[in-house]
*Asks:* 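Take this structure first; my questions come after.
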Amino acid sequence: MHLRVLLVEDDDDDYLLIRDLTGDLRDLEVELIRASDYDAGLKLLLDANIQTCLVDFRIGEASGVDFVRKLKGIGCDLPMILLTGADDTGVDREALAAGAANFLDKAGLDAERLERVLRYTATQSQRVDVSLSPMAPASAFPSPAEDGTMRILLIEDDEDDYFLTKELLSDVFGRQLALEWVSAWQPALERVLEGRHDVVVVDYRLGARNGLELVREAVHLGCGMPFIVLTGEGNREIDLEAMHAGATDYLVKGEITAPLLDRSIRYAIERRKSERHLAQLAQIDQLTGLANRYHFREFLDRSIALAKRQQSKVALMLIDLNRFKAVNDTYGHAAGDLLLKEIAGRLRRNVRPCDLVGRLGGDEFTIVMTEVDDVASVGATAERLLAEIRHPVNIGICEVDVGASIGIAHYPDDANCADSIIVSADTAMYAGKGQQVGCFHFYTPEMHQRATHRLELERDLRRAIRQQQFELFFQPQVDLSSGRLLGFEALLRWHHPEFGLVAPNEFIELAEESSLIVPIGEWALETTCAQLAAWRDAHMPEVHVAVNFSARQFQDDGLLDLVRTTLARHDLPPRLLEIEITESDILQNPAEANRLLTCFSDLGIRVALDDFGTGYSSLNHLRAFPGAIIKIDRSFVRDIETSTSNRAIVQSLIAMAHDLDLKVVAEGVENTGQLDYLRSRTCDIVQGFLISRPIPASAIGWELFSDNLLPRTFSEAEAVA
């Protein structure tokens with residue numbers, strides 16, 4: 001280990017003493033740099049790459065304690081060790097309060113003691129403690145009791161050494177000492193993990209298992225208390241091992257005095273407090289004050305490790321807010337931040353103190369529940385959280401309503417490690433989103449099977465793009481008054497090598513989530529335009545083709561240029577292309593969608609609003625695109641003969657569109673009764689199985705362009721009779 005050490009010392013003899021001692025160090029290479037006064041020391045600390053600083057207590061009239069205090073005040077985090085010519089407890093305590101990492105008496109100082117202090121302070125300053133737990137926040141641990149009592153756990157299997165150490169501790173703390181003695185390894189570990197002491201003093205020798213194993217195990221399981229290791233004789237290897245195990249100090253029993261033990265305990269506690277404070281800053285989400293992603297993962301790892309030892313259970317909740325993006329986009333990021341902070345507070349107030357609440361990023365939260373008794377209690381907690389989240393949130397300018405979806409998984413029932421429990425909870429959350437928004441779902445093996453199937457399907461989709469396994473089918477759109485073919489809607493089909501012909505409803509959602517819809521959409525546009533050009537070259541009558549575009553495609557900056565260049569490459573007039581997009585897709589980014597649709601309309605490209613009337617219908621969308629077409633969703637057409645409300649909706653949509661001079665297409669027409677009603681309400685265009693199922697381009701012949709494609713309806717049959 002190499003250390004660059006600054007010595008602030010005005011006495012030449014003391015400088016030579018420290019220089020000679022650093023030259024005698026066995027396992028520590030020290031590069032000693034001297035400053036003769038505090039100002040020179042400050043300059044070197046700011047300019048040189050110093051790792052540790054030795055500061056003389058008195059240089060002239062100035063005090064080394066003031067120097068330490070000044071450096072700490074400007075944010076200097078280097079460990080500083082105060083040197084004094086007398087073992088003065090008052091100076092020692094003053095140095096500790098100022099922020100010194102340690103305190104050394106130059107009288108009697110030897111190389112071994114100097115090396116140990118340098119090594120421990122340097123190592124402790126580099127160590128980042130990640131053992132924060134909701135049971136012991138860094139702001140409150142460790143510290144003596146309010147009455148000043150020092151709570152010490154002594155782990156020692158030799159009764160004579162116990163009485164000796166107890167006597168030394170009593171000399172230091174008197175009646176303010178609360179000492180607990182444990183002599184066996186396993187009970188000692190259990191007491192350590194309870195976290196009820198300010199410091200643990202542990203003997204190196206504890207029968208078959210040594211004290212360093214206990215320190216290492218306790219640190220691994222998340223214990224954040226400082227450990228001081230005692231040994232019967234100085235041993236450099238044990239010293240180094242203690243440091244790497246996580247001990248804050250190492251003392252030889254034969255050399256221990258009351259002041260030395262006092263100093264070791266107090267500095268260990270203060271050093272641990274500082275470390276944990278810095279660690280907390282590094283592990284807390286700055287917006288909400290919850291645990292961040294790093295802290296969450298460390299806590300989950302340790303909780304599972306402890307649950308494995310104790311044969312207990314851990315539950316993991318992953319929480320995803322609904323409609324957060326809409327709030328952010330509509331009211332701005334400041335409003336979104338207020339929403340996140342309010343939800344964070346509600347989550348924290350509605351779980352147990354031993355549970356960890358974290359924010360993973362964006363609007364994703366997580367809760368780790370330890371010592372879980374049963375599934376029902378976890379479900380009750382999830383139900384309570386959902387109810388709290390559903391309450392309106394005041395974001396300053398208004399109140400907004402959001403919900404959430406929660407996925408829950410358990411260790412060891414659903415997973416055997418942290419990685420797999422995260423995957424299981426995530427699978428449960430998204431499985432829940434697909435079924436019902438604003439609820440919670442426990443993980444099941446069937447969810448894993450569905451998730452695996454989706455991954456396999458995504459892999460196959462990527463292969464389908466490379467191998468051109470897609471085909472367009474075309475469903476005729478017919479003029480209701482004449483029966484003449486006006487155009488087609490292009491519908492995507494996938495020729496899967498194993499499953500055969502796959503319909504869009506089985507893969508389009510996955511394609512959108514994975515952004516594969518962009519290359520698939522480009523292929524569909526290119527293929528449609530190529531087919532229109534082929535019909536033109538075959539001198540067939542001019543018809544249009546409608547192509548479905550997704551919200552994800554509308555986020556692509558190059559979409560407008562892509563459409564322009566594709567039409568130009570095939571020498572097609574823009575009027576032959578119709579772009580369909582659902583109203584719900586428009587609302588994902590209304591401003592950008594409206595801008596693009598306006599550009600398409602200005603170019604002469606037809607614009608159709610698909611699934612019209614299913615929940616977000618707005619006259620504003622219709623007014624924005626002169627000549628637009630609205631498509632009445634098949635869900636209204638399907639029950640048009642039996643549902644008075646559906647008939648009223650269809651009649652209103654047709655009348656509204658005609659008042660705005662727009663054409664109406666009714667989708668999903670499957671029988672003559674539906675056709676008869678639509679004709680009676682002067683619907684313009686129909687498509688559905690009654691006229692024709694979607695057919696491949698190879699099956700489209702002249703008869704489709706020339707015949708009356710409408711079957712005779714009931715009313716027409718009556719008229720003929």
*Asks:* Looking at R348 and D355, is any side-chain nitrogen of the basic one under 4.0 Å from a carboxylate oxygen of the acidic one?
*Replies:*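 Salt bridge: no.
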*Asks:* Does some side-chain heavy atom of L385 sit less than 4.5 Å from a side-chain heavy atom of M317?
*Replies:*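 A side-chain contact exists here, since the closest heavy-atom pair is under 4.5 Å.
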*Asks:* From K341 NZ over to R359 CZ, what is the distance, rounded to the nearest 0.5 angstrom?
*Replies:*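 Between atom NZ of K341 and atom CZ of R359 there are 10.5 Å.
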*Asks:* Check this for me, if you would: do K253 and E156 make a salt bridge, where the nitrogen-to-carboxylate-oxygen distance has to be below 4.0 angstrom?
*Replies:*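 Judged by the 4.0 Å cut-off on N to carboxylate O distance, K253 and E156 do form a salt bridge.
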*Asks:* Are the side chains of D161 and L230 in contact, using a 4.5 Å heavy-atom criterion?
*Replies:*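 When only atoms from C-beta onward are counted, D161 and L230 do not touch, as no gap falls below 4.5 Å.
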*Asks:* Output, in order, the C-alpha distance, side-chain angles, deciding distance and verdict of side-chain contact (heavy atoms from CB on, under 4.5 Å) for T366 and L300.
*Replies:* CA-CA 11 Å; T366 184; L300 180 61; over 6 Å; no
*Asks:* What do you reckon, is CD of Q186 surrounded by more than 12 foreign heavy atoms closer than 6.0 Å?
*Replies:*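 Result for CD/Q186: enclosed.
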*Asks:* When you measure from the centre of the six-membered ring of F103, is the NZ or CZ of R263 closer than 6.0 Å and no more than 45° off the axis?
*Replies:*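 No, a cation-pi geometry is absent between R263 and F103.
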*Asks:* Just do the side-chain contact (heavy atoms from CB on, under 4.5 Å) check on L306 and E371 with the steps written out, would you?
*Replies:* CA-CA 10 Å; L306 188 59; E371 301 176 10; 5.8 Å; no
*Asks:* Kindly give the heavy-atom pair with the smallest separation between R293 and L360, and that separation in Å.
*Replies:*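 The answer is NH2-O, 2.8 Å.
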*Asks:* Among all residues two or more places apart in sequence or in another chain, which pass the side-chain contact (heavy atoms from CB on, under 4.5 Å) test with D39?
*Replies:*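 Checked D39 against side-chain contact (heavy atoms from CB on, under 4.5 Å); matches are D37.
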*Asks:* Any non-hydrogen side-chain atom of E9 less than 4.5 Å from a side-chain atom of I18?
*Replies:*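 A side-chain contact is absent here, since even the closest heavy-atom pair is not under 4.5 Å.
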*Asks:* Is there a donor-acceptor contact under 3.5 Å from the side chain of T370 to the main chain of V314?
*Replies:*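 No, T370 side chain to V314 backbone: no donor-acceptor pair under 3.5 Å.
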*Asks:* Using 0.5 Å steps for rounding, measure from the CG atom of L290 to the CD atom of Q283.
*Replies:*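 Atom-to-atom, L290:CG and Q283:CD are 13.5 Å apart.
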*Asks:* Measuring only between side-chain heavy atoms, which start at C-beta, is I389 closer than 4.5 Å to I319?
*Replies:*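 Contact flag for I389/I319 side chains = yes.
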*Asks:* Pick out which of D373, D413, D374 makes a salt bridge (charged side-chain N to carboxylate O under 4.0 Å, His left out) with K313.
*Replies:*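 Among D373, D413, D374, the one that satisfies the salt bridge (charged side-chain N to carboxylate O under 4.0 Å, His left out) with K313 is D413.
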*Asks:* Rounded to the nearest 0.5 Å, what's the gap from CG on L347 to OG1 on T381? Could you check?
*Replies:*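 Going from the CG atom of L347 to the OG1 atom of T381 covers 11.5 Å.
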*Asks:* For V252 versus G232, what's the shortest heavy-atom pair and its separation?
*Replies:*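 What the structure gives for the nearest pair is CG1-O, 4.1 Å.
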*Asks:* May I have all residue pairs that pass side chain to side chain donor-acceptor pair (under 3.5 Å) and include part of residues 52-64, sequence neighbours excluded?
*Replies:*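 Found D56-K106.
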*Asks:* Among residues two or more places apart or on two chains, list those pairs meeting salt bridge (charged side-chain N to carboxylate O under 4.0 Å, His left out) that have a residue in residues 165-185.
*Replies:*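 For residues 165-185, and leaving out neighbouring residues, the salt bridge (charged side-chain N to carboxylate O under 4.0 Å, His left out) pairs sorted by first residue read E180-R191.
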*Asks:* Between D249 and S264, do the side chains contain an N or O donor and an N or O acceptor separated by less than 3.5 Å?
*Replies:*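 On atom types as modelled, these side chains qualify, holding a pair under 3.5 Å.
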*Asks:* Specify the closest pair of heavy atoms between G60 and D10, including all atoms of both residues, with the distance to one decimal.
*Replies:*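 Heavy-atom minimum between the residues: N-OD2, 4.0 Å.
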*Asks:* Using a strict 4.0 Å threshold on nitrogen-to-oxygen distance, state whether D110 and R113 make a salt bridge.
*Replies:*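 No salt bridge links D110 with R113.
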*Asks:* I need the minimum non-hydrogen distance between A344 and F365, along with the two atoms involved.
*Replies:*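 So the two residues come closest at CB-CE2, 4.2 Å.
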*Asks:* Tell me the closest heavy-atom pair linking V65 and A98, and the distance in Å.
*Replies:*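 The answer is CG1-CB, 3.8 Å.
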*Asks:* Are the side chains of V378 and F442 in contact, using a 4.5 Å heavy-atom criterion?
*Replies:*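 Of all side-chain heavy-atom pairs linking V378 with F442, at least one is under 4.5 Å.
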*Asks:* Which is it for R34 and D12 under the salt bridge (charged side-chain N to carboxylate O under 4.0 Å, His left out) test, yes or no, and what are the steps along the way?
*Replies:* CA-CA 10 Å; R34 181 189 182 188; D12 290 338; 2.8 Å; yes
*Asks:* I'd like to know if the side chain of D262 and the backbone of A258 have a donor-acceptor N/O pair within less than 3.5 Å.
*Replies:*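 Flag not set: sc D262 to bb A258 has no pair under 3.5 Å.
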*Asks:* Sub-3.5 Å donor-acceptor pair from the side chain of N350 to the main-chain atoms of R346, do we have one?
*Replies:*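 It does hold such a pair.
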*Asks:* What distance do L32 atom CG and R4 atom CZ have between them, rounded to the nearest 0.5 Å?
*Replies:*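 That separation rounds to 10.5 Å.
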*Asks:* Does any part of the side chain of L17, heavy atoms only, come nearer than 4.5 Å to the side chain of L21, both counted from C-beta?
*Replies:*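 Result yes, sub-4.5 Å side-chain heavy-atom pair found.
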*Asks:* Do R309 and L221 touch side chain to side chain, with heavy atoms closer than 4.5 Å?
*Replies:*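 In contact.
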*Asks:* Before giving the answer on side-chain contact (heavy atoms from CB on, under 4.5 Å), spell out for M150 and Q176 the whole-Å C-alpha distance, their side-chain angles and the decisive distance to 0.1 Å.
*Replies:* CA-CA 6 Å; M150 182 66 70; Q176 291 184 311; 5.9 Å; no
*Asks:* Under 4.0 Å between a side-chain nitrogen and a carboxylate oxygen: does that hold for E298 and R302?
*Replies:*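 Here E298 pairs with R302 in a salt bridge, since their nearest N and O are under 4.0 Å apart.
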*Asks:* At their closest point, which heavy atom of V8 faces which heavy atom of G41, and how far apart are they?
*Replies:*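 Looks like CG2-CA, 4.2 Å.
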*Asks:* Distance check, rounded to the nearest 0.5 Å: I228 atom CD1 versus I265 atom CD1?
*Replies:*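 Interatomic distance, I228 CD1 to I265 CD1, rounded to 0.5 Å: 5.0 Å.
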*Asks:* For L118 and L54: C-alpha separation, side-chain torsions, deciding distance, then whether side-chain contact (heavy atoms from CB on, under 4.5 Å) applies.
*Replies:* CA-CA 9 Å; L118 284 173; L54 295 167; 4.3 Å; yes
*Asks:* Describe, in one word, how the ring planes of F67 and Y38 are oriented to each other, choosing from parallel (under 30°), tilted (30 to 60°) and perpendicular (over 60°).
*Replies:*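 If you compare the ring of F67 with that of Y38, the planes turn out parallel.
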*Asks:* Flag the pair Y250 / R116 as yes when at least one side-chain heavy-atom distance between them is below 4.5 Å, and no otherwise.
*Replies:*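 A side-chain contact under 4.5 Å exists here.
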*Asks:* Would you give the length of the straight line joining atom CD of E255 to atom CG of L261, rounded to the nearest 0.5 angstrom?
*Replies:*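 Taking CD in E255 and CG in L261, the distance rounds to 13.0 Å.
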